Participant: 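One structure, as structure tokens, below. Some questions next.
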Amino acid sequence: DVSKTGTFIVGFIDITKTTSPPIVVAGQTIGGGPADSGVAAFYRVTSTQLNSGAYASAFAGTSIGSCVVTTYTTSSSTATPPTVKFTALNAGLNINIKGPSGGLSMPYQSVGGLGIYDTATTTTGSNIFIPDSGGAFTFDNGSGGPDVGSFTAQLQMPAPLVWSNMSTASPVTRSAGVTVNWTGGDASTYVTITGYSLGIADSSGTSPVGFFTCQAPTSAGHFAVPASVLLSLPVTSSISSFTLGSLSVYNYVNPVPFTAPGLDYGFVSGGFGDSITATYQ
């Protein structure tokens with residue numbers, strides 16, 4: 001309830017399976033296939049910060065049916081999201097994940113001075129823990145930590161949608177917009193469409209950068225990213241035939257709340273995504 005005032009302890013847990021094609025750089029094939037990842041964080045935030053809009057801007061959040069765009073240059077002071085200050089908290093040594101394929105733990109660690117829990121992105125054949133068909137997951141933090149007490153949370157991930165026009169989605173003519181089509185997916189979930197483009201560097205070596213996020217209900221079956229959004233992105237550059245742009249479609253479960261001693265708001269979420277290399281022209 002953002003109408004409340006004061007200081008809040010907020011936490012989230014997220015697991016994601018992303019599938020992408022291999023890329024070829026200087027004749028070498030790199031990556032490709034599914035990669036499963038998990039992340040969790042707990043932090044103290046004020047109602048003023050929550051209501052300022054800085055959080056939504058920093059994490060490229062937007063409402064269902066709309067888009068948000070962020071642009072900057074590689075040498076500008078805006079190359080990172082707007083300043084978001086909060087205090088990271090400790091919820092124990094590990095966040096444990098148990099799912100259809102077994103279990104694993106996300107250890108507490110410091111990344112850039114921020115305390116988070118992270119599986120680190122995994123690759124094909126290495127800790128792939130999210131089945132393609134989804135399934136039931138349980139999360140816990142053992143006996144808890146000094147800031148957030150013990151909890152257990154559950155998440156049911158249904159089978160994801162299929163991005164039906166993925167093979168023809170790129171190249172993207174920015175002035176024409178781009179429509180993403182999909183089939184299937186659970187009606188209670190939603191779709192997040194993201195795009196990224198790194199432009200051609202000028203004589204000083206500075207490059208324009210742009211990325212967008214749009215969200216849609218899964219039941220819609222399609223979403224048209226308007227030209228006004230895409231024209232905010234620079235024309236995509238490339239290095240050694242590697243295109244520096246992407247287009248991704250994710251199918252997310254609506255966040256499920258959970259409670260814990262010392263925690264005001266907690267939620268767990270999960271999703272499936274497909275990401276392709278894309279050229280914006």
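All of these numbers come straight from a predicted model, not from anything done at the bench. The residues of the chain are indexed from 1 along the displayed sequence.
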Participant: Can you confirm whether Ile95 sits close enough to Ile13 that some side-chain heavy atom of one is under 4.5 Å from a side-chain heavy atom of the other?
Facilitator: yes
Participant: Go through Thr74 and Leu198 one step at a time and tell me if the side-chain contact (heavy atoms from CB on, under 4.5 Å) criterion holds.
Facilitator: CA-CA 9 Å; Thr74 54; Leu198 176 66; 3.9 Å; yes
Participant: Between Ile15 and Tyr190, is there a shared hydrophobic cluster once you connect ILVMFWY residues whose side-chain heavy atoms come closer than 4.5 Å?
Facilitator: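 Result: no, two separate clusters.
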Participant: Is the closest side-chain heavy-atom distance between Thr194 and Phe212 below 4.5 Å?
Facilitator: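 A side-chain contact under 4.5 Å is absent here.
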Participant: Name the residue from Asp274, Thr18, Thr213, Thr192 that meets the side-chain hydrogen bond (donor to acceptor under 3.5 Å, both in side chains) definition with Tyr250.
Facilitator: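 For Tyr250, the side-chain hydrogen bond (donor to acceptor under 3.5 Å, both in side chains) check succeeds only for Thr18.
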Participant: If you draw a 6.0 Å radius around CG in Asp202, do more than 12 non-hydrogen atoms from other residues or ligands fall strictly inside?
Facilitator: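 Enclosed.
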Participant: Cluster question for you: counting only ILVMFWY and a side-chain heavy-atom cut-off of under 4.5 Å, with indirect links fine, are Leu89 and Val268 together?
Facilitator: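 Yes; tracing contacts between hydrophobic side chains, which count when under 4.5 Å, links both residues.
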Participant: Under 30°, 30 to 60°, or over 60°: which ring-plane class applies to Phe42 and Phe151, parallel, tilted or perpendicular?
Facilitator: tilted
Participant: Quick check for you: to the nearest 0.5 Å, what is the distance between Leu93 atom CG and Gln109 atom CD?
Facilitator: 12.5 Å
Participant: Quick one: does Leu155's side chain get under 4.5 Å of Phe139's, heavy atoms only?
Facilitator: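 Yes - at least one pair of side-chain heavy atoms lies under 4.5 Å apart.
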Participant: Does the side chain of Thr189 come within less than 4.5 Å of Met157's, by heavy atoms?
Facilitator: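 Met157 vs Thr189: side chains apart.
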Participant: How far apart are the C-alpha atoms of Cys214 and Phe223, what are their side-chain angles, what is the distance that settles it, and do they pass the side-chain contact (heavy atoms from CB on, under 4.5 Å) test?
Facilitator: CA-CA 9 Å; Cys214 302; Phe223 185 85; 3.5 Å; yes
Participant: Distance check, rounded to the nearest 0.5 Å: Thr119 atom OG1 versus Met106 atom CE?
Facilitator: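 Reported value, rounded in 0.5 Å steps: 7.0 Å.
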Participant: Heavy-atom distance under 4.5 Å between the side chains of Ile276 and Trp163, does that happen here?
Facilitator: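 Heavy-atom side-chain distance check passes, below 4.5 Å.
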Participant: Does Ile116 have more than 12 heavy atoms from other residues, nucleotides or ligands lying within 6.0 Å of its CD1?
Facilitator: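 Check passes, neighbour count above 12.
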Participant: Under 4.5 Å between side-chain heavy atoms, counting indirect links through other Ile/Leu/Val/Met/Phe/Trp/Tyr residues: same cluster for Leu231 and Ile193 or not?
Facilitator: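 No.
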Participant: Quick one: does any side-chain atom of Asn251 pair with a main-chain N or O of Leu161 as donor and acceptor, under 3.5 Å?
Facilitator: yes
